[in-house]
**Q** 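One structure, pasted below without further comment.
We name chains A, B, ... by the order of the sequence lines, and we start the count at 1 in each one.
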There are 2 protein chains.
Amino acid sequence: MSLSPHPRPTVAVDLAILTLADGHLCVLLANRPDAAVVGGDWALPGGFVHQGQPLTAAVERVLNDKARLRDVHFEQLATFGDPGRDPRGHVISVTYLALCPPGSLPQPDGRDTCLARLVVDWPGEKGGPARALGPDRQPLHLAFDHRAILGEVVRRLRGKINYSDLAFALLPPRFTLRALQEVHEAVLGRRLTKPAFRRRMLDTGRLRATGDYETGGAFRPAELYKTA
Amino acid sequence: MSLSPHPRPTVAVDLAILTLADGHLCVLLANRPDAAVVGGDWALPGGFVHQGQPLTAAVERVLNDKARLRDVHFEQLATFGDPGRDPRGHVISVTYLALCPPGSLPQPDGRDTCLARLVVDWPGEKGGPARALGPDRQPLHLAFDHRAILGEVVRRLRGKINYSDLAFALLPPRFTLRALQEVHEAVLGRRLTKPAFRRRMLDTGRLRATGDYETGGAFRPAELYKTA
DNA sequence: GCAATAGTGTCTTTCAGACACTATATC
DNA sequence: GATATAGTGTCTGAAAGACACTATTGC
């Protein structure tokens, strides 16, 4: 049965797979061999949505195919449907962000995939496009409208990090308060003061001290916490 | 050219056209003659997205067709794509909310369209489904997953009203601070204190006093403000 | 003891709620 | 003058930044 007699646009999901590396927010990008057509060498990994397939199933398929990831926290960001955004045809992209603890991503080879640092020029939650810096710190040439999408990614993260469990999805199950603060600083793009941050986090009641301490450091070890 | 050889889901836009009536947040609903098929008598007005058509064009078409509205503030909410959400087939719905000043909507006739009060059971930004009350204050039977969508609508409004221009889109160009406070109270579902609210609004710098005053009241008239 | 980081106590500023007050319109 | 609402001054308490302090580890 056809609900609409008109020719239909195609639907895809595109994923911003995010992690923290060296204190910086990074995104996994896929190389585009068709760079000349799609307008850039690198793009967010994505895939088409087939009839009868839930959006979440398409997301999980991309996570598994492109990053060998399972049980990752992901959430919908926004939908981009401008007919000109994909030169090959009308593709409506439902974008998601996926959050991974450091080290849970397979090492990108730099050819098919790379891990790019996310940088924005704007303060706070003002909004605007983002840049992606390659391993050599040079800006990468992004395909489609993916600079704008990555800008929205950062804006969403900044808007939600203070009243959601989003930061914990970028950390291992047990973590120090300093590591948690580094996540917040990387997302917000500014330094925070330690006492106020500790109070604020502990007052939420979402944290539980484990009684264990980090090891391997040269100096006083910090206590490990987990989510309550 | 076909980007995907598989059969594709259909894409639609669905609109939560909101306004304020009698101090309550209300949404415009369309009657469904096919209630037995779609699971409810009333639904958000919507329309299919055709190939090559921007999402915003589909939104404007629905606004014009269903509510004779132009130049209305609208923004994207979220995309719902569960294959079972529409019994007729796989329809991916990109939902929008549209905000209208009181009185700018044509009077719904109660048969094809009605203006339903939006009510939620949950406090703050906790989230959950919403109910829609008809003119007789009885809950309406909503089609599809529209109870869940309307819950997200309220959640989004509550999350954004304090740091966006969203409230002004629910007011005429010139308005009293009391009217602005009533908008906030209707969205947040709780009473606010007048002095704190006035200070907070005036301190944002987004308001400008006009020097004019409302008329027709039996008592001291309030000054009219506009957005800066 | 030294270096470096973990973690805390306290002061100050900011801001929202509570509450009481003054001001001004119609009747 | 009565009444009802517009608009303000002030107190209080909560929360965050600044800053200085103590605590604990490896060397």
**Q** May I ask you to decide if A:Pro195's main-chain N or O and A:Thr193's side chain share a donor-acceptor pair within less than 3.5 Å?
**A** no

**Q** Determine, step by step, whether A:Ser93 and A:Asp14 satisfy the side chain to side chain donor-acceptor pair (under 3.5 Å) criterion, reporting the C-alpha distance in whole Å, the side-chain angles of both residues, the deciding distance to 0.1 Å, and the verdict.
**A** CA-CA 6 Å; A:Ser93 169; A:Asp14 283 316; 2.7 Å; yes

**Q** Measure from CZ on A:Arg178 to P on C:dT8 and round the result to the nearest Å.
**A**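 Spelled out: CZ on A:Arg178 to P on C:dT8 is 16 Å.
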
**Q** Out of C:dA25, C:dA6, C:dT8, which nucleotide sits closest to the side chain of A:Pro195?
**A**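 Minimum distance to the A:Pro195 side chain belongs to C:dT8.
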
**Q** In plain terms, say whether A:Arg117 and A:Asp22 are close enough for a salt bridge, that is, a side-chain N and a carboxylate O under 4.0 Å apart.
**A** no

**Q** Ignoring hydrogens and angles, answer whether the base of D:dA23 and the side-chain atoms of A:Arg220 contain a donor-acceptor pair closer than 3.5 Å.
**A** yes

**Q** With the side chain of A:Arg198 defined as its heavy atoms from C-beta on, choose the nearest nucleotide among C:dG17, D:dT8, C:dG7.
**A**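 Comparing C:dG17, D:dT8, C:dG7 against the side chain of A:Arg198, the answer is C:dG7.
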
**Q** From CE of B:Met201 over to P of C:dC15, roughly how many Å is that when rounded to an integer?
**A** 13 Å

**Q** Expressed as a whole number of angstroms, how long is the span from A:Leu192:CG to D:dA16:P?
**A** 11 Å

**Q** Could you state the atom-to-atom distance from NE2 of A:His184 to P of D:dA16 in whole Å?
**A** 12 Å

**Q** Quiz question: by atom type and distance under 3.5 Å, do the side chains of B:Glu182 and B:His184 form a donor-acceptor pair?
**A**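 There is no such pair (donor and acceptor under 3.5 Å, judged by atom type) between the side chains of B:Glu182 and B:His184.
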
**Q** Under 6.0 Å between ring centres, would you say that holds for B:Phe175 and B:Phe168?
**A**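 Distance test on ring centres: under 6.0 Å, yes.
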
**Q** Counting heavy atoms from C-beta on, name the nucleotide in C:dA6, C:dA20, D:dA16 closest to the side chain of A:Glu214.
**A**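 Of all the options, the side chain of A:Glu214 is nearest to C:dA6.
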
**Q** Would you kindly check whether a donor in the side chain of A:Arg199 faces an acceptor in the base of D:dG17, or vice versa, at under 3.5 angstrom?
**A** yes

**Q** Reckon B:Ala196 touches a base, only the sugar-phosphate, or nothing at all at heavy-atom distances under 4.0 Å?
**A** base

**Q** Take the protein atom CD of B:Gln181 and the nucleotide atom P of C:dA16, then report the distance between them rounded to whole Å.
**A** 13 Å

**Q** For A:Phe197 and for A:Phe219, find the nucleotide of DNA chain D with the closest heavy atom, then tell me which residue's nucleotide is more 5'.
**A** A:Phe197

**Q** What is the distance, to the nearest angstrom, from the CD atom on A:Glu223 to the C1' atom on D:dA23?
**A**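 Distance, rounded to whole Å: 14 Å.
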
**Q** In whole Å, I'd like the distance from the CG atom of A:Asp203 to the C1' atom of D:dA14.
**A**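 After rounding, the reported distance stands at 10 Å.
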
**Q** What is the distance from CG of A:Leu180 to C1' of C:dG7, rounded to the nearest Å?
**A**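 Rounded to whole Å, this separation is 15 Å.
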
